[in-house]
Novice: 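Structure in C-alpha cells, see below.
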Amino acid sequence: IGTPVNPDGTPRQNVSDTDPADLTVIPVVHSPSVSIQKTVETSPGSGVFAESATYGPGVSVKFKIRVVNTGNTRLGNAKVGDVNASECTRGGEDTSILVPGQVSEFTCTHVAGYNVDTVNTAVFTGNPINNDGSSLGLTPLRESDTARVNINTESSIRLDKTVNPTSARPGDTVTYSFVVTNTGETKLTNVRVTDPMLGGLIGTIAEINPGQSSHVLSKSYQVPVGTA
C-alpha cells in the first residue's frame, strides 16, 4: 500500500497491489531401515573377524557387531541381543537412539566358550520415532545376522627336551629342560612329564590351554663315570 501525493504535496487516493506466492508443503515419507553384521574372531587374539571360526571346547570367543541406520528415520529403544552370547546384549533403553546414518560397532566376548558347533544370531530391534521421541506408529524394525563357531575336539601335544651343556665329561652334572606345548584344540589337564633315565617323573602341569606352552621343567643329571 502506498499514499500518492500531488505536485503541491496534497494527498491523493491510496493505491495498492497484491501478488500471491504459492508454497507446496511436501510431506516426509518415513523409510526406516537398518543393517546388522555379526562376525567372529578367527582365532584368539588375532584381531581378524569373519563369518565363521574354529575353536576348542571352552575357549573364550570374541565377536564384533556392526549396526547401521540405513534409513531416514530415527530409531528408538535400539537394542542388540544374542541368546547364545548374553555378553553381546546392548541398548534397549529409552535413551538408546540410532539416528539416520549412524554407525554403532562394538566387540563382545563369550567367556565360557562353546562345547558344540554353535550358530550365534545377533538380533537388532528398534522403533521408528519422531525427532521429539514420539512414536511414528510404524512397524518396529527387526534385523539379524549370524556368525558360526565350529568346535574342534582334536587333541595333540609336543614335548621339547634340551640339555645344558650339550657336552660333558664323566662325572659332570648337566641339566635337562622340558617344555610341553598344547598343539591341539582342547585344554589339557594333569600333564605328566617322565624320563626313565632321569628317575621317572619330572613334573606335573595342572593345565595347558590350546596354543600355549608350559613353564620349564628341569632335572639335573650326573654323567656316570666310565661312560664312553
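All residue numbers in this chain count up from 1 along the given sequence. Computed from a predicted structure; not experimentally measured.
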Novice: For the backbone of Ile151 and the side chain of Asp117, can you confirm whether one donor and one acceptor N or O come within less than 3.5 Å of each other?
Specialist: yes
Novice: Please report the closest heavy-atom contact between Asp82 and Cys88, naming both atoms and the distance.
Specialist: CB-CB, 4.4 Å
Novice: Taking all heavy atoms of Thr146 and all of Glu51, pick out the closest pair and write down the distance.
Specialist: O-OE1, 3.4 Å
Novice: Rounded to the nearest 0.5 Å, what separates atom CD1 in Ile205 from atom OG1 in Thr189?
Specialist: 11.5 Å
Novice: Please round to the nearest 0.5 Å and tell me the distance separating atom CD1 of Ile36 and atom CG of Leu141.
Specialist: 11.5 Å
Novice: Is a side-chain donor-acceptor pair under 3.5 Å present for Ser144 with Thr121?
Specialist: no
Novice: Strictly by modelled atom types, are Ser155 and Thr186 linked by a side-chain donor-acceptor pair under 3.5 Å?
Specialist: yes
Novice: Can you see whether Tyr176 has Lys161 sitting over its ring - NZ or CZ less than 6.0 Å from the centre and within 45° of the normal?
Specialist: yes
Novice: Pairs in or reaching into residues 96-130: which pass ring pair (Phe, Tyr, Trp, His ring centres under 6.0 Å), with residues at least two apart or in two chains?
Specialist: His110-Tyr114
Novice: Output every pair passing ring pair (Phe, Tyr, Trp, His ring centres under 6.0 Å) with a member in residues 76-101, not counting sequence neighbours, ordered by first then second residue.
Specialist: none
Novice: State, to 0.1 Å, how close Gly92 and Asn77 come at their nearest heavy-atom pair, and which atoms those are.
Specialist: O-ND2, 3.6 Å
Novice: For Arg148 and Asn150, test the side chains for any donor-to-acceptor distance below 3.5 angstrom and give the result as yes or no.
Specialist: yes
Novice: With ring pair (Phe, Tyr, Trp, His ring centres under 6.0 Å) as the rule and sequence neighbours excluded, what pairs involving residues 41-86 come up?
Specialist: none
